[in-house]
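Notes follow the structure.
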Amino acid sequence: YGHDVGDKVLRKVAETMRESLRETDILGRIGGEEFAVAMPETDIELSFQAAERLRVRFTEVEVEAQGKTIGFTASMGISHLTISEIGLSEMIKKADFALYEAKNSGRNRVVMNKI
């Protein structure tokens with residue numbers, strides 16, 4: 001559909017995430033169509049539940065463009081920062097591996113990193 005429609009979808013994704021996440025959660029776009037959410041003081045199971053609710057919410061979102069209604073889905077990867085880990089970059093790398101597992105196993109799903 002082109003860049004203009006892609007930008008419209010990205011704005012709708014960000015809006016839906018802001019509406020669906022808690023005030024304490026930190027949302028950021030990390031590139032392209034990828035977003036990251038930091039959920040302070042949230043265990044991995046609660047993170048999974050929140051991501052699954054958001055994934056379902058995305059299936060209900062539509063964007064009007066070029067006389068058509070466009071729907072979309074989301075694949076998500078989750079990782080958890082433990083006390084033994086040092087940095088954010090390692091946590092993002094783990095989430096990215098989980099994201100690619102979600103994409104490679106059929107898309108429109110949430111995968112937790114098991115490392």
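Heavy atoms only: backbone and side chains are in, while hydrogens, waters and symmetry mates are out. Numbers here simply count residues along the sequence, with the first being 1. A quick note: this is a predicted structure, and the numbers were derived from the prediction, not measured.
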Please identify each residue that fulfils side-chain contact (heavy atoms from CB on, under 4.5 Å) with [X], with sequence neighbours left out.
X     : result
Ile70 : Tyr1, Val5, Ala65
Arg55 : Glu52, Thr59, Met76, Asn108, Val110
Asp7  : Leu10, Arg11

Show the atom names and distances, to 0.1 Å, of all donor-acceptor pairs under 3.5 Å that link a side chain in residues 31-39 to residues at least two apart or in another chain.
none

Heavy-atom check, side chain of Met17 versus side chain of Phe58, under 4.5 Å: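 Contact flag for Met17/Phe58 side chains = yes.
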With rounding to the nearest 0.5 Å, note down the distance linking [atom1] in [X] to [atom2] in [Y].
X      : Y      : atom1 : atom2 : value
Glu101 : Asn113 : CD    : CG    : 8.0 Å
Ile92  : Leu99  : CD1   : CG    : 12.5 Å
Ser89  : Asp96  : OG    : CG    : 12.0 Å

Within 45° cone of Phe97 ring axis and under 6.0 Å: Lys94 NZ or CZ: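 The answer is no, since Lys94 fails at least one limit relative to Phe97.
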Going by side chain to side chain donor-acceptor pair (under 3.5 Å), name the pairs with one or both residues in residues 19-32, residues two or more places apart or in two chains.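 Matches after skipping sequence neighbours: Arg22-Asp25, Arg22-Thr42.
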Of all residues at least two apart in sequence or in a different chain, which pass the salt bridge (Lys or Arg N to Asp or Glu O under 4.0 Å) check with Lys93?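 For Lys93, no residue satisfies salt bridge (Lys or Arg N to Asp or Glu O under 4.0 Å) once neighbours in sequence are set aside.
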Can you check salt bridge (charged side-chain N to carboxylate O under 4.0 Å, His left out) on Arg18 and Glu15, steps first, answer last? CA-CA 5 Å; Arg18 279 193 307 270; Glu15 175 187 321; 5.5 Å; no
Residue pairs fulfilling salt bridge (Lys or Arg N to Asp or Glu O under 4.0 Å) with at least one residue in residues 56-78, sequence neighbours excluded: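 Residue pairs passing salt bridge (Lys or Arg N to Asp or Glu O under 4.0 Å), neighbours aside: Arg57-Glu60.
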Applying salt bridge (Lys or Arg N to Asp or Glu O under 4.0 Å) as the test, list every pair that has at least one member in residues 38-51; sequence neighbours left out.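 Of all non-adjacent pairs touching residues 38-51, none passes salt bridge (Lys or Arg N to Asp or Glu O under 4.0 Å).
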